[in-house]
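Here the structure is laid out as structure tokens; the discussion comes afterwards.
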Protein chains: 2
Amino acid sequence: MISKTCGYAIRGIVFLSLEQNKSTKHGILEIAEDLQIPQHFLGKILQDLVRRGIISSIKGPHGGFFVNAKTKDTPLIEVVEAIDGLGIFKKCFLGREECSSINPCPLHDEFDGCRSAIFKTFENLKIADLVTKIENGDSYLSLSNDFATEI
Amino acid sequence: MISKTCGYAIRGIVFLSLEQNKSTKHGILEIAEDLQIPQHFLGKILQDLVRRGIISSIKGPHGGFFVNAKTKDTPLIEVVEAIDGLGIFKKCFLGREECSSINPCPLHDEFDGCRSAIFKTFENLKIADLVTKIENGDSYLSLSNDFATEI
DNA sequence: AGAAAAAAAGAGTCTTTTATCTTTATTTAA
DNA sequence: TTAAATAAAGATAAAAGACTCTTTTTTTCT
Ligand code: FES
Ligand code: FES
């Protein structure tokens with residue numbers, strides 16, 4: 001559905017939100033190591049998010065990436081749009097050139113509702129919601145609980 | 001969700017099922033042109049399906065691909081398994097190494113149900129169901145209605 | 001001012017997916 | 001028994017996605 005890259009983006013933002021108590025700014029290396037994401041690749045992704053204003057960054061010593069006023073209220077759909085674009089919600093399941101409810105493919109009816117549901121969920125969920133889940137111990141950013149228990 | 005290749009496979013099989021009245025066998029060129037799928041690529045896909053026994057083929061003049069006794073009762077999940085494998089239903093939405101409900105990611109709860117729904121739909125839907133839809137004029141294999149109206 | 005830290009930018013590589021082209025094998029029919 | 005039709009197989013290529021490495025720019029601290 002969404003790309004691996006987009007997953008990295010969301011996890012990166014949530015990480016920054018979770019860790020803002022410890023220190024406001026976090027270097028790319030720290031984030032990448034904690035989340036087990038290739039450093040330079042994550043760097044590029046976070047830069048995209050900075051350009052979109054979803055997070056912020058400062059260069060130089062003691063610089064790093066950090067959340068801003070907007071971050072926690074950012075709906076996930078905005079992150080998806082920034083990384084993957086909204087085109088992913090407009091593709092036909094059977095790979096025809098485009099999805100159309102006027103000229104539907106034989107799987108359209110079955111999956112169009114499901115796709116809208118996913119879209120709506122991405123619209124409604126905000127970064128803050130994910131952060132809350134993790135703070136409550138209901139979910140985890142990394143597969144290894146190392147990080148989860150460390151919080 | 002499912003790959004473009006898998007969509008080609010499903011459309012190919014349904015095409016053969018629809019057209020079996022006209023003539024039982026259909027050459028790869030005819031199928032590819034009608035469905036607007038790259039000829040040789042579709043050839044490989046259909047060959048995979050033949051190996052799985054989902055459809056059949058005969059070489060030589062007047063040969064081609066054709067449906068067999070099993071075809072119409074084949075559940076879509078079998079096609080998906082043949083082409084994409086079932087791994088696509090076991091991936092974490094956020095791109096973590098694996099999906100786990102014991103150690104869920106913050107999107108797991110939101111989307112796990114949706115994913116199961118998709119899986120169940122693929123289990124329940126058979127090729128014959130898609131054929132029926134098209135025969136009833138409720139859906140179309142190609143975007144251009146040329147083919148749909150031609151039936 | 002100069003050194004060091006860190007993000008930003010750019011170029012390049014690897015992998016997977018998607019697609020094309022070419023050759024071979026099989027079958028039919030004249 | 002030869003020619004033609006056609007699927008099968010194999011090799012290659014193009015495109016996109018994922019990832020790496022190197023250099024540049026900005027900032028801070030001494
Ligand atoms: S037309 Fe295929 S999913 Fe809408
Ligand atoms: S753990 Fe992420 S989707 Fe299940």
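This is a predicted model, so every value here is computed, not measured. Order of the sequence lines fixes the chain letters, A, B, ..., with proteins taken first and strands second; residue numbering starts at 1 for each chain.
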Length of the line joining Leu42(A):CG and dC21(D):P, which is rounded to integer Å: 16 Å
Which heavy atom of Gly7(A) sits nearest a heavy atom of Ile2(A), and at what distance? N-CD1, 4.3 Å
For the aromatic rings, using the six-membered ring if either is Trp, is the centroid distance between Phe122(A) and Phe111(B) under 6.0 Å? yes
Grab the CG-C1' distance between Leu94(B) and dA18(D) for me, whole Å please. 17 Å
Under 4.0 Å protein heavy-atom contact, by nucleotide of nucleotides 5-15 of chain C - B base, S sugar-phosphate only: BBSBBBB----
Nearest-Å distance for atom pair CG/C1', residues Asp84(A) and dA16(D): 13 Å
Donor-acceptor pair, distance only, cut-off 3.5 Å: does the side chain of His26(B) make one with the backbone of Glu19(B)? yes
Which pairs count as salt bridge (charged side-chain N to carboxylate O under 4.0 Å, His left out) when at least one residue sits in residues 111-131 of chain A, sequence neighbours excluded? Asp112(A)-Arg115(A)
Measure NZ/Lys4(B) against C1'/dG17(D) and give the value in whole Å, please. 14 Å
From OH of Tyr8(B) across to C1' of dT20(C) the rounded distance in Å is 13 Å
Take the protein atom CD1 of Ile88(A) and the nucleotide atom C1' of dA16(D), then report the distance between them rounded to whole Å. 15 Å
Identify whether any heavy atom of Phe66(B) sits under 4.0 Å from a base atom; if not, whether one sits that close to sugar-phosphate; answer base, sugar-phosphate or nothing. nothing
Write down the distance between CG (Asp48(B)) and P (dG10(D)), rounded to a whole number of angstrom. 12 Å
Restricting to non-hydrogen atoms, name the atom on Leu141(A) and the atom on Arg96(B) that form the minimum distance, rounded to 0.1 Å. O-CD, 3.1 Å
Whole-Å distance separating the CZ atom of Phe41(B) from the P atom of dT22(C): 18 Å
Between Ser3(B) and dT17(C), does any side-chain N or O lie under 4.0 Å from OP1 or OP2? no
Shortest non-hydrogen contact from Phe89(B) to Ile77(B)? CE1-CD1, 3.8 Å
